[in-house]
Amino acid sequence: MPKYFFFDVDGTLLPFGKPMPESAIYAIKAAQVLGNRCLVATGRSRKELPDFPGIDFDGFVLSAGLEVIVDGKQIRNDYMSDGDYRFLSDYLADHGLYELCQTDNGTYLTKRTLEVFKRHFSRYIGRTVQLNGLLVVDSIPKDIKVRKIVFLSDEDGYGVSRTHEVLMPRYELVKNTVGLPYELMAEVSPKGVTKATGIEVALRSFGASADDAVAIGDGPNDIEMVEYCKVGIAMGNADPLLKEKADWITSDVEEDGIKNAIFHVLAPPFKGA
C-alpha cells in the first residue's frame, strides 16, 4: 500500500529564510517514484507558496485546511464568514494587534504590519521568511473574502495569550507557527478547520484513510495533523509541544530531517541506500 506523506513548509521543508535542502528534494522524488503520494500541508495560502524546484507535489492542504487541492483540482474551498472577518479585524485593531489577511488574490497587510513582521524576524530568527503574494496597502479593505488571519503583537503590546479567552471558544487559534516567541504571533481560522480536517478531505479523494498517512511538521499548528495521521513525525527543530505528540522525531531541517523521516517510514525499500 502506498503511503501519503503530508509536509509542513516553514521549519519542515524549508529552513526559515533558506531554500529546501537538496536531500529533501531527493527523498521526496524517490518516495514518489516508489508509488507514494507527497502533499504539502501548510498554513500558507496558495499565493504565499514558495517555489519547490524539481518537485511535482501530488496536492496541497492550504491555509491550515481551508483550501485543498489534489492532482491539480480544488476539492475544498472554504472561507471565514464576513461577520467573523469584520469582528476579528475590529477586535485586533482595538487591541493594537497587526493583521495579515489571506485571500485568493494574496495576503493583505499594511506597511506598518510589514515593518513589525520584518523586525520580529530580524531580531528573533536573524533573517526574514520569504512570503510570496503580499499585498501591502494603506488600509485593508473590508469587502474581501478572507480565509484566515495571522496577527502580530509588539514586544510590549497586548500579546497573543490575552486573546485566547475571547477568541478560542469561537475560532481555531494557534500561537506562532514560524519560530517567533509565543506572545508575538498567532493565526486564527474558522472553528473546526485544521490541517487535520484538510488532510482528511485529501485522503478521502484518494480512497485512503489516516492509517495510510504520515504527517511531518515542526510547529503548534501541526499538532492536529501529527495526531491524526497513523505516523506523526516531528522535526528535530520542532516545538517541544509537537515533539511530545509525535511518534518519532527526525533530525533538524538543515540536517537531512526530511530525508531521514522518509527513510524511517520507507525503510525496507531504501535498505542499503
If hydrophobic clusters are built from ILVMFWY residues whose side chains come within less than 4.5 Å, do [X] and [Y] share one?
X: Val150; Y: Val193; result: no
X: Val146; Y: Leu167; result: yes
X: Val137; Y: Ile149; result: yes
X: Val188; Y: Tyr79; result: no
X: Leu135; Y: Phe151; result: yes

Less than 3.5 Å apart, which donor and acceptor atoms pair up between the side chains of residues 233-246 and the rest of the protein, not counting sequence neighbours?
residue: Asn237; atom: OD1; partner: Val253; partner atom: N; Å: 2.8
residue: Asn237; atom: ND2; partner: Gly11; partner atom: O; Å: 2.9
residue: Asp239; atom: OD1; partner: Tyr182; partner atom: OH; Å: 3.0
residue: Asp239; atom: OD1; partner: Leu241; partner atom: N; Å: 2.8
residue: Asp239; atom: OD2; partner: Tyr182; partner atom: OH; Å: 2.4
residue: Lys243; atom: NZ; partner: Gly236; partner atom: O; Å: 2.8

Can you give the donor-acceptor pairs under 3.5 Å from side chains of residues 200-213 to other protein atoms, not counting sequence neighbours?
residue: Ser205; atom: OG; partner: Ala202; partner atom: O; Å: 2.6
residue: Ser209; atom: OG; partner: Asp211; partner atom: N; Å: 3.3
residue: Asp212; atom: OD2; partner: Ser209; partner atom: N; Å: 3.0

Starting at [atom1] of [X], measure out to [atom2] of [Y] and round the result to the nearest 0.5 Å.
X: Lys47; Y: Ser63; atom1: NZ; atom2: OG; answer: 12.5 Å
X: Asp222; Y: Thr12; atom1: CG; atom2: OG1; answer: 5.5 Å
X: Phe117; Y: Arg112; atom1: CZ; atom2: CZ; answer: 14.5 Å

Count the heavy atoms of every other residue, nucleotide or ligand shown that sit under 6.0 Å from [atom1] of [X], and state whether that count exceeds 12.
X: Lys142; atom1: NZ; answer: yes
X: Lys29; atom1: NZ; answer: no
X: Asp94; atom1: CG; answer: yes

What I'd like to find out is whether the side chain of [X] reaches to under 4.5 Å of the side chain of [Y], using heavy atoms alone.
X: Tyr26; Y: Ile262; answer: no
X: Asp138; Y: Thr110; answer: no
X: Ile199; Y: Tyr228; answer: yes
X: Phe52; Y: Val40; answer: yes
X: Ser189; Y: Tyr171; answer: no
X: Asn36; Y: Phe5; answer: yes
X: Ile69; Y: Ile75; answer: no
X: Pro21; Y: Pro15; answer: yes

Residue pair [X] / [Y]: nearest heavy atoms and the distance that separates them:
X: Asp154; Y: Leu184; result: O-CD2, 3.7 Å
X: Gly217; Y: Asp8; result: CA-CB, 3.9 Å
X: Leu109; Y: Ile140; result: CA-CD1, 4.1 Å
X: Ile144; Y: Thr103; result: CD1-CG2, 3.9 Å
X: Ile216; Y: Met225; result: O-CE, 3.5 Å
X: Leu14; Y: Pro50; result: CD1-CG, 3.6 Å

For this session: Test side chain to side chain contact (heavy atoms under 4.5 Å, CB included) on His264 and Lys259 and set out the steps.
Result: CA-CA 8 Å; His264 172 74; Lys259 183 193 78 172; over 6 Å; no

Check: [Y] main-chain N/O paired with [X] side-chain donor or acceptor under 3.5 Å:
X: Thr197; Y: Thr194; result: yes
X: Asp252; Y: Glu254; result: yes
X: Gln102; Y: Gly43; result: yes

Testing the 3.5 Å rule here: is there a donor-acceptor pair between the side chains of [X] and [Y]?
X: Asp256; Y: Ser251; value: no
X: Asn260; Y: Thr250; value: no
X: Thr107; Y: Glu48; value: yes
X: Glu183; Y: Ser161; value: yes

Exercise. How far apart are the C-alpha atoms of Leu88 and Glu99, what are their side-chain angles, what is the distance that settles it, and do they pass the side chain to side chain contact (heavy atoms under 4.5 Å, CB included) test?
Worked result: CA-CA 9 Å; Leu88 288 166; Glu99 63 179 328; over 6 Å; no

Exercise. In terms of the angle between their ring planes, are Tyr91 and His95 parallel, tilted or perpendicular, with boundaries placed at 30° and 60°?
Worked result: tilted

For this session: Could you walk me through whether Arg44 and Asp10 pass salt bridge (charged side-chain N to carboxylate O under 4.0 Å, His left out), step by step?
Result: CA-CA 9 Å; Arg44 293 192 188 213; Asp10 297 296; 2.6 Å; yes

Problem set entry | Residue among Lys195, Arg46, Lys145 satisfying salt bridge (charged side-chain N to carboxylate O under 4.0 Å, His left out) with Glu67 | Arg46

Can you give the donor-acceptor pairs under 3.5 Å from side chains of residues 55-62 to other protein atoms, not counting sequence neighbours?
residue: Asp58; atom: OD1; partner: Arg37; partner atom: NH1; Å: 3.4
residue: Asp58; atom: OD2; partner: Gln32; partner atom: NE2; Å: 3.1
residue: Asp58; atom: OD2; partner: Cys38; partner atom: N; Å: 2.8

Are [X] and [Y] within salt-bridge range, i.e. N to O under 4.0 Å?
X: Asp104; Y: Arg147; answer: yes
X: Glu172; Y: Lys148; answer: no
X: Arg86; Y: Asp84; answer: no

Exercise. Given the rule in the side chain to side chain contact (heavy atoms under 4.5 Å, CB included) test, do Leu66 and Arg76 qualify, once you have shown the distances and angles that lead to the verdict?
Worked result: CA-CA 7 Å; Leu66 287 156; Arg76 185 176 194 174; over 6 Å; no

Problem set entry | Identified side chain to side chain contact (heavy atoms under 4.5 Å, CB included) partner of Leu152 from the options Leu100, Leu92, Val160 | Leu100

Problem set entry | Intermediate values then yes/no, side chain to side chain contact (heavy atoms under 4.5 Å, CB included), Glu187 and Leu173 | CA-CA 6 Å; Glu187 61 182 51; Leu173 187 67; over 6 Å; no

